[in-house]
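Position 1 is the first residue of the sequence, and the numbers go up from there. Whatever order the structure lists them in is the order used to number ligands and atoms, beginning at 1.
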Amino acid sequence: MPFHLTADQDLIRKTVREIAGAFEGKPADDLDRERAFPKEQIKALGQLGLAGMLVPAELGGPGTDAVSFVLALEEVARASGVVALVLNNLNALGTFPLATRGTQEARDRFLPQALAGETFLAWALTEPQAGTDLGGVATRAAKKGDAYVLNGLKSFVVGASDASAILVFARTSEKDGLTAFVVPASAKGVRIAPPERTMALRGSDMAQVFLKDVEVPAALRLGDEGSGTALAAQCNELASLGAAAIAVGVMQASLEDAIEYAGQREQFRLPLKQFQAIQFLVSQLDVELRASRLLAWAAADLRDRGEDASAAIAAAKLYAGEAAKLVTQKSIRIHGGAGFMRELPVERFNRDARALSVYAGTAEAERAILAAKALGL
Ligand SMILES: Cc1cc2nc3c(=O)[nH]c(=O)nc-3n(C[C@H](O)[C@H](O)[C@H](O)COP(=O)(O)OP(=O)(O)OC[C@H]3O[C@@H](n4cnc5c(N)ncnc54)[C@H](O)[C@@H]3O)c2cc1C
């Protein structure tokens, strides 16, 4: 499929690359080493309108198209995987659902600061017994007058301790689907555990969230009772598209580093890039990157044209997630022993890449989506 970016899309790409340049290299390494939540970076990106890219203009957002969303995440991820992860969550799983489903009260209270990148909105769907299978969600929301009382435990919540509000998915009854609530992080009964010590994407402040008799006014419900299951699927699809773009950005950074190293490092009195084994490796990685990028752009374009993009997004995320592991691993190979050193970013790229085939839907879940589509299941 031939693909031409519009002048606006190209401008977004170049602008974000410039902004993200400020946290490329050492700042990105510092975030990883210190496991620091990228508050300042998100604020800088928010000032550019990148915290609410998917929020339509009539709801106060920039109404960015999905291709531009992908381009922006790609460029941010080229600089830092964790900044891109947090930005993706804030967009796909934060400002988008709040803007499109929240009541006026919920939006007035939490949206403007989140759109400005000044506060974070966390997404609490997963539970210890509910990962791929959301049938296991055990968090309960019991109606009490004009409010709900929430009890449960959420896990893997990115940015939990940095959020102004947490979008919590619970059950109001046994038979209906899930219902989403905007729970103020300061509400009585919300307890956030210390951040998990993750292998990669360090600094995401992923944590468990305990909810004990948390009273939430009905005005902070997102959509109707039972509508949360469809909302979760819709937002997860967007996060999955963002994750494909993050994988592309991480691959791009990794390959650029490997190419630079192959030009500098000499063995047998020749730069590594003169050896055919290295040339063929680089060409293989280049193909993986090109294929991943085209799949991500094509999926975003399909969505922009108002078509069903679920299979295209699953294919892009599945392919790019797997390719990112290969490209970053082989980039380490090109670096020889130096690739194992913390001083060089390739080992971080490889760690970050590994998270991307779990985050926003596992590779198996994506295969299931594709198989269902192909086989009419
Ligand atoms: C970086 C990162 C950020 C995240 N951020 C958030 C967040 O902000 N908020 C949030 O709520 N959650 C978040 N998550 C959680 C994420 O959504 C879950 O990890 C994911 O849905 C998988 O659930 P699980 O880890 O419980 O794995 P499980 O569902 O237990 O799966 C374990 C393995 O079994 C496989 N499997 C499961 N079912 C099947 C099946 N039917 N057929 C074949 N294989 C199967 C899976 O593919 C996987 O390989 C995050 C995860 C990561 C890694």
Review point. Which of the numbered atoms in ligand 1 are below 4.0 angstrom from a heavy atom of M206?
Key: 1 (C), 2 (C), 3 (C), 4 (C), 52 (C)
Exercise for review: Could you tell me whether a side-chain N or O of N88 sits under 3.5 Å from a main-chain N or O of A84, the two making a donor and an acceptor?
Suggested key: no
Review point. Looking at A185 and A163, what are the two nearest heavy atoms and their distance?
Key: CB-O, 3.2 Å
Check your understanding: Looking only at heavy atoms, what is the nearest atom pair of A247 and L356, with distance?
Key -> CA-CD1, 3.6 Å
Exercise for review: Identify, for atom 25 (O) of ligand 1, the protein heavy atom at the shortest distance, and state residue, atom and that distance.
Suggested key: F156 CE1, 4.0 Å
Point to revise | Gap between atom CG of L211 and atom CD1 of I166 - 0.5 Å precision | key: 7.0 Å
Study note, to complete from the structure: In this structure, atom 20 (C) of ligand 1 is nearest to the protein heavy atom V358 O, 4.1 Å
Review point. Taking non-hydrogen atoms only, is T362 closer than 4.0 angstrom to ligand 1 via side chain, backbone, both or neither?
Key: side chain
Check your understanding: Given E364, E366, M199, which has its nearest heavy atom closest to atom 47 (O) of ligand 1?
Key -> E364
Check your understanding: Counting from 1, what ligand 1 atoms have a heavy atom of T126 closer than 4.0 Å?
Key -> 10 (C), 11 (O), 12 (N), 13 (C), 15 (C), 16 (C), 17 (O)
Point to revise | Protein contact for atom 28 (P) of ligand 1 (heavy atom, distance under 4.0 Å) | key: yes
Check your understanding: Do T132 and ligand 1 have an N or O pair less than 3.5 Å apart?
Key -> yes
Review point. Side chain, backbone, both or neither: which part of N89 comes within less than 4.0 Å of ligand 1 when only heavy atoms are counted?
Key: side chain
Check your understanding: What heavy-atom pair brings T95 and A51 nearest, and what distance separates the two atoms?
Key -> OG1-O, 2.9 Å
Check your understanding: Counting each atom of ligand 1 from 1 as listed, which ones have a heavy atom of W123 under 4.0 Å away?
Key -> 7 (C), 8 (O), 9 (N), 10 (C), 11 (O)
Practice item. Return yes or no for this condition: an N or O of V158 is under 3.5 Å from an N or O of ligand 1. Key: yes
Exercise for review: Classify the side-chain pair D224/S227 by whether it contains a donor and acceptor separated by less than 3.5 Å.
Suggested key: no
Check your understanding: Is any heavy atom of the protein nearer than 4.0 Å to atom 32 (C) of ligand 1?
Key -> no
Practice item. Say whether Q252 and E256, considering side chains only, have a donor N or O and an acceptor N or O under 3.5 Å apart. Key: yes
Check your understanding: Protein heavy atoms: any of them under 4.0 Å from atom 42 (N) of ligand 1?
Key -> no
Review point. Any non-hydrogen protein atom below 4.0 Å of atom 6 (C) of ligand 1?
Key: yes
Check your understanding: If you count the atoms of ligand 1 from 1 in the order shown, which ones are under 4.0 Å from a heavy atom of L125?
Key -> 11 (O)
Point to revise | Protein heavy atom under 4.0 Å of atom 11 (O) of ligand 1 | key: yes
Review point. Would you call R171-E174 a salt bridge at under 4.0 Å N-O?
Key: no
Check your understanding: Looking just at side-chain N and O atoms, do T139 and E127 make a donor-acceptor pair shorter than 3.5 Å?
Key -> yes
Practice item. For residues A72 and I12, report the shortest heavy-atom separation together with the two atoms involved. Key: CB-CG2, 4.4 Å
Review point. Can you find an N/O atom of A360 closer than 3.5 Å to an N/O atom of ligand 1?
Key: no
Exercise for review: Answer with side chain, backbone, both or neither: which part of K154 has a heavy atom less than 4.0 angstrom from an atom of ligand 1?
Suggested key: neither
Point to revise | Contact summary for K373 and S310, nearest pair of heavy atoms | key: NZ-OG, 3.8 Å
Review point. So which heavy atom on K154 is nearest to which on V137, and how close?
Key: NZ-CG1, 4.0 Å
Check your understanding: Starting from atom 24 (P) of ligand 1, which protein heavy atom do you reach first, and at what distance in Å?
Key -> G131 CA, 3.9 Å
Check your understanding: What do you think, any protein heavy atom under 4.0 angstrom from atom 2 (C) of ligand 1?
Key -> yes
